[in-house]
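Written below as structure tokens is the structure these notes are about.
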Amino acid sequence: RKLTGARPTRRAEVEISAAGPSSEQILTGVQIWYVPHDPQNEPAPHYGTLTQDDVLEFASIRNSEKRHRSLATRSVLRRALSASVCGRTAPEEWRFDRSESGKPRLSMDAGTLNFSCSHTRWASIVAVSTVGPIGIDIESAVIPSTETWLTDVFTPSECSALKSMPGEEREAPVSRL
């Protein structure tokens, strides 16, 4: 799904993808990659782009769920950066360090190429910009499913269907709606 930036002085095409764009879909601007996480499942299928430096960087994270999430996101970040430069740099060639505040950044001078990552337990997002600095955030949201809130937000037929479910089963359908 392509979106256009909201600021009138600076516009960029945005690509949002679970798998990332193919080489034919490279856009100048901003790409956003969605990285789903399954806390029960350790290895991610896209770990192939990780380097030994990545493994060492995240080895100190004692919580295995967080460590795997960080590794999966780094792997997708590597692919996203390579896609943004049309494959001129292989995913394994990117080198990272950290700013004084601890934010990951590219070690090499990459001109206007920038990235930002954000995580929740269930997903991460990676944003890569070819037009300058970027920041992105993702949050887990608990959506209320009380009967009062439901009637304020949903149609009568939606409310009826949701109210017929036990309270603990409403979260996913409420989110989808």
Side-chain angles (χ1 to χ4, degrees), residues 1-3 5 12-23 25-143 171-172 174-176:
R1 175 171 66 135
K2 292 181 183 175
L3 306 171
E13 291 290 318
V14 176
E15 175 75 22
I16 300 174
S17 175
S22 70
S23 58
Q25 296 173 311
I26 302 302
L27 299 174
T28 300
V30 174
Q31 295 174 3
I32 299 173
W33 293 46
Y34 179 77
V35 186
H37 301 302
D38 178 359
Q40 307 306 319
N41 196 2
E42 291 185 11
H46 37 260
Y47 274 19
T49 60
L50 293 174
T51 67
Q52 188 62 29
D53 288 342
D54 296 326
V55 174
L56 292 172
E57 178 180 350
F58 299 118
S60 64
I61 300 174
R62 287 184 279 189
N63 180 297
S64 64
E65 182 182 318
K66 289 180 181 179
R67 185 174 53 256
H68 292 296
R69 180 175 60 224
S70 296
L71 288 166
T73 304
R74 175 62 60 89
S75 181
V76 170
L77 171 62
R78 288 179 170 283
R79 288 186 10 233
L81 289 166
S82 292
S84 71
V85 297
C86 302
R88 289 188 300 270
T89 302
E92 300 81 14
E93 294 176 17
W94 297 102
R95 297 292 173 254
F96 303 93
D97 60 24
R98 295 195 178 259
S99 68
E100 290 178 15
S101 65
K103 183 181 188 280
R105 63 182 180 196
L106 290 171
S107 300
M108 61 197 78
D109 178 22
T112 60
L113 185 62
N114 289 272
F115 70 89
S116 179
C117 303
S118 184
H119 314 275
T120 69
R121 181 174 187 206
W122 305 105
S124 295
I125 51 175
V126 173
V128 176
S129 170
T130 59
V131 294
I134 188 165
I136 195 160
D137 195 17
I138 186 172
E139 292 292 334
S140 293
V142 176
I143 299 173
E171 187 176 332
V174 167
S175 294
R176 277 195 312 273

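Just so you know, these numbers come straight off a predicted model, no measurement behind them.
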| message | For Q31 versus A83, what's the shortest heavy-atom pair and its separation? | response | OE1-CB, 4.4 Å
| query | Which residue, I32, V30, N114, L113, forms the side-chain contact (heavy atoms from CB on, under 4.5 Å) with V128? | reply | L113
| Quick one: OG on S118 to CD1 on I125, what's the gap to the nearest 0.5 Å? | 5.5 Å
| Test: R69 cationic atom under 6.0 Å from F58 six-membered ring centre, within 45° of axis | no
| Could R78 and E93 be called an ion pair, given the rule that one side-chain N must be under 4.0 Å from one carboxylate O? | no
| request: With K103 as the cation and F115 as the aromatic partner, state whether NZ or CZ is under 6.0 Å from the six-membered ring centre and within 45° of the axis. | output: yes
| task | Could you tell me which non-hydrogen atom of S82 sits nearest to which non-hydrogen atom of P91, and how far apart they are? | result | OG-N, 3.0 Å
| query | Looking only at heavy atoms, which two atoms of A59 and R67 are closest? And how far apart? | reply | CA-CD, 4.1 Å
| Nearest-0.5 Å distance, CH2 of residue W33 to OG of residue S124 | 14.0 Å
| How far apart are the closest heavy atoms of G132 and S129, and which atoms are they? | O-OG, 2.8 Å
| said: As an exercise, state the distance from CG of L106 to CG of L77, rounded to the nearest 0.5 Å. | reply: 7.5 Å
| message | If you compare all heavy atoms of C117 against all heavy atoms of I136, which two are closest, and at what distance to 0.1 Å? | response | N-CG2, 4.3 Å
| field | Criterion side-chain hydrogen bond (donor to acceptor under 3.5 Å, both in side chains) on T49 and S75, from CA distance to verdict | value | CA-CA 5 Å; T49 60; S75 181; 2.6 Å; yes
| query | Any donor and acceptor pair, going by atom type alone, linking the side chain of S70 with main-chain N or O of K66 inside 3.5 Å? | reply | yes
| message | Could you check whether R121 pairs with E65 (Lys NZ or Arg NE/NH1/NH2 to Asp/Glu carboxylate O, under 4.0 Å)? | response | yes
| request: Keeping the roles fixed (side chain from S84, backbone from L81), state whether a donor-acceptor pair exists under 3.5 Å. | output: yes
| query | Is the number of heavy atoms from other residues, nucleotides or ligands under 6.0 Å of R62 CZ greater than 12? | reply | no
| note | Scanning both residues in full, the closest heavy-atom pair of S116 with I134 reads CB-O, 3.6 Å
| query | At what distance, to the nearest 0.5 angstrom, does CG of L71 lie from CD of E57? | reply | 9.0 Å
| Is T112 close to V131 at the side-chain level, that is, under 4.5 Å between some pair of heavy atoms? | no
| said: Is there a side chain to side chain contact (heavy atoms under 4.5 Å, CB included) between E92 and L50? Walk through the geometry before answering. | reply: CA-CA 6 Å; E92 300 81 14; L50 293 174; over 6 Å; no
